[in-house]
> 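Below is a structure I'd like to ask you about.
Source: prediction; values computed, not measured. Hydrogens, waters and symmetry mates play no part in the numbers below; they use all other heavy atoms, side chains included. Numbers restart at 1 for each chain; the letters A, B, ... are given by sequence-line order, proteins then strands.
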There are 2 protein chains.
Amino acid sequence: MKKGNLDLIKKMNRTLVLETIRRDQPISRASISKKLGLSRSTVTLVVNELLEKKFVFELGLGDSTVGGGRKGMKLGFNPKSGYGVGVDIGRSNIIIIITDMDSDIVFKEIYPSTNNVETIANYISTSMSKSGVDTKRIFGIGIGVPGLVNTRSGEIIELSALGWKNFNLLEQIQPYFKYPIFVNNDVNCAALGERWVDKTDNMIFIAIGSGIGSAIIANGDLVEGHHFSAGEINLFIDREDIKHGKENNSESIGVFEQQVSGLAFEKLGYSAEFVLSNYKKGQKEIDQIIDQFVNYLSITLANMTSFLNPEKIVIGGGVSKSLNVVIEDIKQKVASFTNIPVEIELACLGSDAGALGAIAYAFDKIQNEDFM
Amino acid sequence: MKKGNLDLIKKMNRTLVLETIRRDQPISRASISKKLGLSRSTVTLVVNELLEKKFVFELGLGDSTVGGGRKGMKLGFNPKSGYGVGVDIGRSNIIIIITDMDSDIVFKEIYPSTNNVETIANYISTSMSKSGVDTKRIFGIGIGVPGLVNTRSGEIIELSALGWKNFNLLEQIQPYFKYPIFVNNDVNCAALGERWVDKTDNMIFIAIGSGIGSAIIANGDLVEGHHFSAGEINLFIDREDIKHGKENNSESIGVFEQQVSGLAFEKLGYSAEFVLSNYKKGQKEIDQIIDQFVNYLSITLANMTSFLNPEKIVIGGGVSKSLNVVIEDIKQKVASFTNIPVEIELACLGSDAGALGAIAYAFDKIQNEDFM
DNA sequence: ATAGTTTGTTTATACTCCGAACAAACAAAC
DNA sequence: GTTTGTTTGTTCGGAGTATAAACAAACTAT
C-alpha cells in the first residue's frame, strides 16, 4: 500500500472523474457528482482543471430532466489528450505503434530487429518525430519482447533469439527517454491488447505460432507467477505422453508444444496454413493431423476453463488466422469436456497485438502505480 | 477505485503504521517515519491514536545508534486488540473458532451441522459469549461452506448437501450480528488459512478428501473466476480418459476426481487411509492403485505449475494426512514433468483450516475494502 | 408571471499531512 | 565535568484537500 496524503486524494479524484467522463460521456458535472459521491463543488474544481489541460471538452447543453431545472453542460473525453508508444521487439522485426487514448493507431512503422539498445532507442525517437505527435502529450512507452521478463526490474531473464540473458533492458533504454517505460513479455502484452478492445477481468490468451504460449488475466490483473514464468503451457504433458516416453528434459523441451503449435506441422513437413486450408478436403492424413491437434488443444482449453473459470479464451498468434475452419469444432469439444461455460474466440488484433498491448500495459501501469 | 477524501488518507496511514508495527516490531516512531516516508509529526499523531485504542503498546527504550542520539521508544503490536470469528459449515459438523490477530486460537467449539440459519446464528453467539472475548474487539465473522459461493452478494449458488441453492446466506444471517460478515467457499478459506501462517502471493491449494478441489492465490488475491467456479479440478480430463469413453456429463461428473481422490479408493472397496498405510508392503494391487494415483496427481500438479508458476502447492484435505508416504515421490515426479521449480508441501492446519481461513478471509477483506 | 427544480459557482470551514522549530536524551571527544 | 553533534519525539503554523451552505443562473410546468 502507498501512504496517503493530499496529493494522493487529488490524483485519485482527478483520475476518477476523468475515467467517468471517458466511460459515460456525454455526462454533466452534476451527474458525475451523483455517480461518484463527490460534492458538486469538488467536481467543478476538478473539471475546470481537466478542461484547462484539454483532457476533456464541453460538448454543449444537454436535456432537462422531467419537471424542469437548468440544463447540464455535457462533458466529453478528448482521446487526443494522450498518446502511448508501443514497441514489439520480435525475432525478425521491431514494430512501433503510436495510439491515442482510444487505442486508435496514429502511426506505425516496422524496422528490422536488433539487440542494440541505442538503435532501438533511435527507432523509437524517429517514429515519435515522424508521427508529428506533441511529445508533451506522450504518457509512456511500453515494450514487449518474446522472452522471460522480470517486469518489476525491467530485466530480460532469457531471450536467446536476441542474445539477451539477465539483461536489464529497462535500465539500458530509460536514459534515452524522459517518459516512463514498461517492459513485459510479448504474449502478456498481446493479451492486454485484446483486453483493451474487449474488456474483461478474467481471460486466458493463447498464442499459437511456431510455438505455443499463454497469458492469464485474473481479477483484472496479469498473472505473472512467482518468477514471471506463468503461462508456459508449452510444457504441458499428459499420461499418454509419458506412456510414450516423452519428457520435458534438456534435450527436448515442450511436450505439448511439439504436438499443438506450428512446430507440430513443420515436423511433418507441412506449414500450418497448408494443412488447415486443406482440412476435410479428402486427404485422410491431413484430417488426422488436424483432428489430433484440435483434440489435444480442446482438452487443454477445457482443463484451463475448469481450473480458472475465465470469461473467455482468446486464441491468437500466427497460426490463429488459419483456425477459422476448426474454431466451431473446438468450441463444441470444449463444451463437451467441461461443464463450466466459457467463450472462445480468435484474436482480432493480428500482428499489431504485441505493440498495441504494450501500450495497454503501460497505460494500466501508470493508472495503477499512482494509487497502490 | 474509491473516491479520495481526508478520511481515506487518515485510514490508509493508520493501517499502514499499524501494519508496519505488526510486521517490524519492535520499532520506534522515527524508524516508522523513515520506512513509510511519513513525517515524524504525523507518525506521532497516528501512534498516539493507536496507543489510545490499545492497538499498540510502548515496549521500552531501544538502543542508541552509533554516534549517540536519543534512544527511540520501541512500539509493539497488541495481538489481543482484535479478534475474528471463523465458521466452517461442513456437511456433518460446524466448526467455530475465535482467534486473536496473531491467529492464535482462543476458543473452539464443534456443533452438529444444520441448514437452519437461526440455529447457526445461535451457535455463533453462544461461542462468542463462552469465549469471554470483549465483543467490541471483534472485527468480523468469516464463514466457509462446501459449495459454490458468490462472494460479492453472499449468495450460496449451490450446496446440495445442505439443500441450499441460490440461497443468500449473507442476507439471512447478517441481521443477527452487527459485525461485518463474509462468506466464501471452504477450499478457498482453507487456502487463505494456510497462507496466513505461511505468507506467499502465489500458491495453489489442493484439497483431497472424498472428492478433490482447489483454490488459487495469484498476485496475493484469491482467483475466483468469472462465475466463482475457479478451482474445479475435479473436472480435469485427458486424452486417455477420452479414449476410454470417460466424460463429464450429467450422469457422471468428475473424471479426474474419480481417479484422484478418496472416491477412487472407495470405488475399489478401500479407504484412503488403508491403501496409503499399506503402500509398498508387498501387496501388488495396492501398490498399483497408489502408483496410478500418484502419477496422475503429479502430472496435474506439474501442469498447474507450468501454467501458473506458483511459489508453492499445498496439499490439504482429509486424505492429505495419509500422504506422507508418497509426498517425496510426488515432488520428484513433478520436477521431472516440468522444469519450472515449485515447492510442494502438505497442509499444516488440518481440520481447523476452513474456520481459520474464514477468519483470514474476513481479515483480508476488511483491510482491503476500505482502500479500494 | 410565478413557483419549483436543477445546475454550476463561490465562500467559509474542517480536516489532513507536513516542515520548521524546539526540547529532551544520548554518545563521544575533550 | 563540559561541550559538541546526533537522534528522537512534540508542538505549532501553513499549505492544500474536499465539503456544506449559500447563491446565481437556467429551465419546466402551471
> Quick one: A/Leu61 CG to D/dC27 P, roughly how many Å, whole number?
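Going from CG in A/Leu61 over to P in D/dC27 covers 6 Å.
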
> Tell me which residues in residues 26-37 of chain B lie within less than 4.0 Å of DNA chain C, going by non-hydrogen atoms.
none

> Would A/Arg22 and A/Phe77 count as a cation-pi pair here, with the cationic atom under 6.0 angstrom from the ring centre and within 45° of the axis?
yes

> Measuring only between side-chain heavy atoms, which start at C-beta, is A/Leu170 closer than 4.5 Å to A/Phe182?
no

> What is the distance, rounded to the nearest whole Å, between atom CE of B/Met73 and atom P of C/dC26?
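Between P of C/dC26 and CE of B/Met73: 10 Å.
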
> Is the NZ or CZ atom of A/Arg195 both under 6.0 Å from the centre of the six-membered ring of A/Tyr361 and within 45° of that ring's axis?
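Judged by the rule, A/Arg195 and A/Tyr361 form no cation-pi pair.
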
> Between A/Lys71 and B/Lys71, name the one whose nearest nucleotide on DNA chain D is closer to the 5' end.
B/Lys71

> Rounded off to whole Å, could you give me the CG-to-C1' distance for the A/Asn48 and C/dG8 pair?
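It works out to 10 Å between those atoms.
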
> Just compare D/dA21, C/dT7, D/dT11 and give me whichever is closest to any side-chain atom of A/Ser41.
D/dA21

> D/dT17 C1' sits how many Å from B/Leu8 CG, rounded?
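Answer to the nearest Å: 12 Å.
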
> If we only count heavy atoms from C-beta on, is the B/Glu311 to B/Met203 side-chain gap below 4.5 Å?
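They are not in side-chain contact.
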
> For B/Gln367 and B/Thr15, test the side chains for any donor-to-acceptor distance below 3.5 angstrom and give the result as yes or no.
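Not at all, the side chains of B/Gln367 and B/Thr15 share no donor-acceptor pair under 3.5 Å.
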
> State, to 0.1 Å, how close B/Glu224 and A/Asn309 come at their nearest heavy-atom pair, and which atoms those are.
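Looks like O-ND2, 4.1 Å.
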
> So, B/Ser28 and B/Ser31: side-chain donor and acceptor under 3.5 Å apart, yes or no?
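Present: a donor and an acceptor within the cut-off.
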
> Rounded to whole Å, please give me the gap between CG in A/Leu75 and C1' in C/dT7.
12 Å

> For B/Ser39 and B/Thr42, which I'm curious about, is there any donor-acceptor pair between the side chains at under 3.5 Å?
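Yes, because at least one side-chain N or O of B/Ser39 sits under 3.5 Å from a partner of the opposite role on B/Thr42.
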
> If we only count heavy atoms from C-beta on, is the B/Ile97 to B/Thr99 side-chain gap below 4.5 Å?
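Sidechains of B/Thr99 and B/Ile97: in contact.
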
> Atom NZ of B/Lys11 to atom P of D/dA18: distance rounded to whole Å?
18 Å

> Take the protein atom CD of A/Glu49 and the nucleotide atom P of C/dT9, then report the distance between them rounded to whole Å.
14 Å

> Hey, which of these two, B/Arg40 or A/Arg40, hits DNA chain C nearer its 5' end, going by closest nucleotide?
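Comparing both residues, the 5'-ward one is A/Arg40.
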
> Can you label the angle between the A/Phe139 ring and the A/Phe363 ring as parallel, tilted or perpendicular, going by 30° and 60°?
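Plane angle between 30° and 60°, so tilted.
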
> What does the 5'-to-3' dot-bracket notation of DNA chain C look like when only Watson-Crick and G-U wobble pairs under 3.5 Å count, and pairs to other strands show as |?
||||||||||||||||||||||||||||||

> Is there side-chain contact between B/Ile96 and B/Met128, with heavy atoms separated by less than 4.5 Å?
no

> Do any N or O atoms of the protein come closer than 3.5 Å to N or O atoms of nucleotides 15-17 of chain C, and which pairs are they?
| from | atom 1 | to | atom 2 | distance (Å) |
| --- | --- | --- | --- | --- |
| C/dT16 | OP1 | B/Lys10 | NZ | 2.7 |
| C/dC17 | OP1 | B/Asn13 | ND2 | 3.2 |

> Send over the distance from B/Arg70 CZ to C/dC22 P, rounded to a whole Å.
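In whole Å, C/dC22 P and B/Arg70 CZ are 17 Å from each other.
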
